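Below: one structure, written as structure tokens.
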Amino acid sequence: MKASLLKYICCPNCGGDLTIKEISLSNEDKVIEGFLQCLNCSLSYPICKGMPYLIVKDKTWQLTVKEAQGWVSLWRKKGMYDNPTLEDSFRLPYVGGIWTDVARMFDLALQEMDLKGGECILDLGAGQGWASRYFAEKGCTVMAVDIVDCEWYGLGRSWAIMDYAGVYFEPIIADGEKLPFPPETFDFVFLCGTLHHFRKFEKVLKEIKKVLKPGGRIIAAGEPSISIFSKEKDIQAMLEETKEGITERRPKVFQYWWAFKKAGFKDIQIDTFETYKASPEQIYTWIIAVRQNFFRLVRPWYKPMVWVFLSSVLFLPPRLAAMLILWINGGNLFIRARI
């Protein structure tokens with residue numbers, strides 16, 4: 001971390017100012033090993049391998065540690081540590097395969113943010129810091145926050161990404177439910193497939209609202225949601241992440257919307273890739289595809305009713321029709337809101 005980070009961070013326990021109390025290893029303008037101490041409550045936080053660990057070791061964090069260990073366990077079972085390589089990290093999210101949806105959602109986020117340079121951005125649930133890299137390339141000040149410090153697939157990989165891209169951002173190990181930033185710090189808070197990993201994302205959204213500047217925006221891309229006819233517990237039981245102790249929520253669309261509303265956000269917009277800035281023709285084509293999928297899934301005696309209802313939606317104004325079908329069907333969500 002750079003010493004200049006001090007003006008952007010605070011104690012996650014009390015919100016007090018932090019100071020670099022002890023430096024055991026530094027490199028030019030960066031602190032590699034050392035400690036931060038709160039000037040108010042006197043709690044100290046280690047700096048390891050250039051990353052400040054701004055965490056309060058309470059019961060909540062103990063659960064988070066288990067979740068971080070669950071991610072590493074899952075990656076090991078998938079064989080990701082057998083022959084790890086840096087090359088994909090340098091190209092993320094544009095590596096194809098399972099990253100295809102992530103890449104196109106990220107492109108929508110960049111379009112929506114329309115960065116000019118100079119913006120202050122929190123990349124929450126940053127993973128390896130791949131999104132922070134692109135924000136930094138556009139001249140933004142970026143804080144990358146995650147709970148996993150793994151040097152191959154966690155935030156520890158961010159140093160290699162920064163060296164490759166020739167940019168700098170601040171990797172920080174912290175809890176989204178206790179963000180270590182003063183109020184009104186960020187222009188944007190960006191999450192990519194992150195929000196549904198929190199047990200109670202209403203609390204996280206309140207934290208995000210607190211650290212956003214007036215008029216600041218949250219962009220949550222790639223958030224999974226399920227149909228109103230599905231049960232979240234049934235979906236969770238089938239997920240391999242859940243078996244590793246990883247929080248894997250599968251809310252309905254209205255649950256996301258209500259959480260944002262309760263947290264105090266306004267101008268809440270929810271789309272999928274297919275409906276974002278889509279023409280009426282594109283929206284109606286998407287609805288027909290959803291109708292056909294529903295028709296295959298529902299029980300025979302429901303088919304006539306479902307067909308009539310989903311067909312009648314085609315006579316509604318396109319944006320209204322898209323919102324109605326999305327709330328019923330669910331999907332991979334692209335959420336935007338402001339304070």
Side-chain angles (χ1 to χ4, degrees), residues 1-23 30-31 33-48 50-65 67-68 119-126 129 132 135 140-149 155 169-191 194-195 197-220 259-260 262-266 337-339:
M1 61 162 280
K2 292 184 178 181
S4 58
L5 176 63
L6 289 175
K7 67 180 180 180
Y8 294 102
I9 59 177
C10 66
C11 173
N13 180 58
C14 70
D17 292 336
L18 297 171
T19 185
I20 301 176
K21 188 68 175 180
E22 179 182 340
I23 298 175
K30 292 190 283 290
V31 179
E33 304 285 341
F35 288 91
L36 295 166
Q37 188 171 55
C38 177
L39 297 175
N40 183 47
C41 69
S42 298
L43 284 182
S44 61
Y45 305 94
I47 304 168
C48 301
M51 297 186 294
Y53 284 63
L54 296 175
I55 54 179
V56 179
K57 295 182 179 180
D58 55 12
K59 292 182 180 180
T60 301
W61 179 251
Q62 291 172 10
L63 293 173
T64 305
V65 168
E67 183 158 351
E119 293 91 346
C120 191
I121 301 176
L122 169 59
D123 181 7
L124 183 56
S132 295
F135 298 147
C140 301
T141 299
V142 189
M143 316 294 153
V145 168
D146 206 281
I147 62 171
V148 184
D149 60 1
L155 204 50
F169 54 86
E170 291 285 0
I172 300 169
I173 302 299
D175 184 357
E177 295 186 4
K178 293 183 178 179
L179 291 175
F181 307 105
E184 301 183 5
T185 298
F186 299 101
D187 299 290
F188 288 97
V189 174
F190 172 76
L191 307 93
T194 299
L195 195 55
H197 287 305
F198 289 101
R199 288 174 289 274
K200 295 182 179 180
F201 50 67
E202 296 88 347
K203 186 174 182 179
V204 179
L205 289 172
K206 289 180 180 178
E207 284 286 292
I208 290 172
K209 181 177 182 292
K210 181 182 70 175
V211 301
L212 277 170
K213 297 176 182 178
R217 302 182 66 196
I218 177 175
I219 308 287
F260 275 81
K262 285 177 63 178
F265 285 94
K266 59 184 180 181
R338 68 175 67 247
I339 62 170

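For reference, positions follow the sequence shown, starting with 1. Fair warning: this is a prediction, and the values are worked out from it, not measured in the lab.
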Evaluation steps, side-chain contact (heavy atoms from CB on, under 4.5 Å), between M143 and F169: CA-CA 6 Å; M143 316 294 153; F169 54 86; over 6 Å; no

Steps toward side-chain contact (heavy atoms from CB on, under 4.5 Å) verdict (S44, K21): CA-CA 9 Å; S44 61; K21 188 68 175 180; over 6 Å; no

Ring pair (Phe, Tyr, Trp, His ring centres under 6.0 Å) between F186 and Y8, worked out: CA-CA 9 Å; F186 299 101; Y8 294 102; 7.6 Å; no

Checking side-chain contact (heavy atoms from CB on, under 4.5 Å) for the pair L155/I173: CA distance, chi angles, key distance, verdict? CA-CA 8 Å; L155 204 50; I173 302 299; 4.0 Å; yes

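Put simply, the side chain of V142 does not reach to within 4.5 Å of the side chain of F188, judged on heavy atoms. Residues E67 and R199 form a side-chain contact, since some pair of their non-hydrogen atoms from C-beta on lies under 4.5 Å apart. Taking 4.5 Å as the limit, some side-chain heavy atom of Y45 sits within range of a side-chain heavy atom of P12. Residues F35 and Q37 form no side-chain contact, since every pair of their non-hydrogen atoms from C-beta on lies 4.5 Å or further apart. You'll find the side chain of F265 stays beyond 4.5 Å of the side chain of R338, heavy atoms only. With a 4.5 Å cut-off on side-chain heavy atoms, L124 and L179 count as touching. With contacts defined as side-chain heavy-atom distances shorter than 4.5 Å, the pair F135/F190 qualifies. Counting heavy atoms from C-beta on, the side chains of C11 and P180 never come closer than 4.5 Å.
Taking each heavy atom of I339 and L212 in turn, the nearest pair found is CD1-O, 3.5 Å. The two atoms that bring T194 and G125 nearest to each other are OG1-O, 3.5 Å, heavy atoms only. C14 approaches C41 most closely through the heavy-atom pair SG-SG, 3.7 Å.
Using modelled atom types, one side-chain atom of D146 and one backbone atom of A126 make a donor-acceptor pair closer than 3.5 Å. Proximity of a side-chain donor or acceptor of D187 to a complementary backbone N or O of C120 within less than 3.5 Å is detected. Side chain of D123 to backbone of S132: a donor-acceptor contact under 3.5 angstrom is found.
Screening I172, I47, V145 for a side-chain contact (heavy atoms from CB on, under 4.5 Å) with L54, the sole residue that qualifies is I172.
Heavy-atom neighbours of K213 NZ from other residues, nucleotides or ligands within 6.0 Å: above the threshold of 12. The environment of NZ in K30 is crowded: more than 12 heavy-atom neighbours from other residues, nucleotides or ligands sit within 6.0 Å.
Here K57 contributes atom NZ and T64 contributes atom OG1; the two are 13.0 Å apart, rounded to the nearest 0.5 Å.
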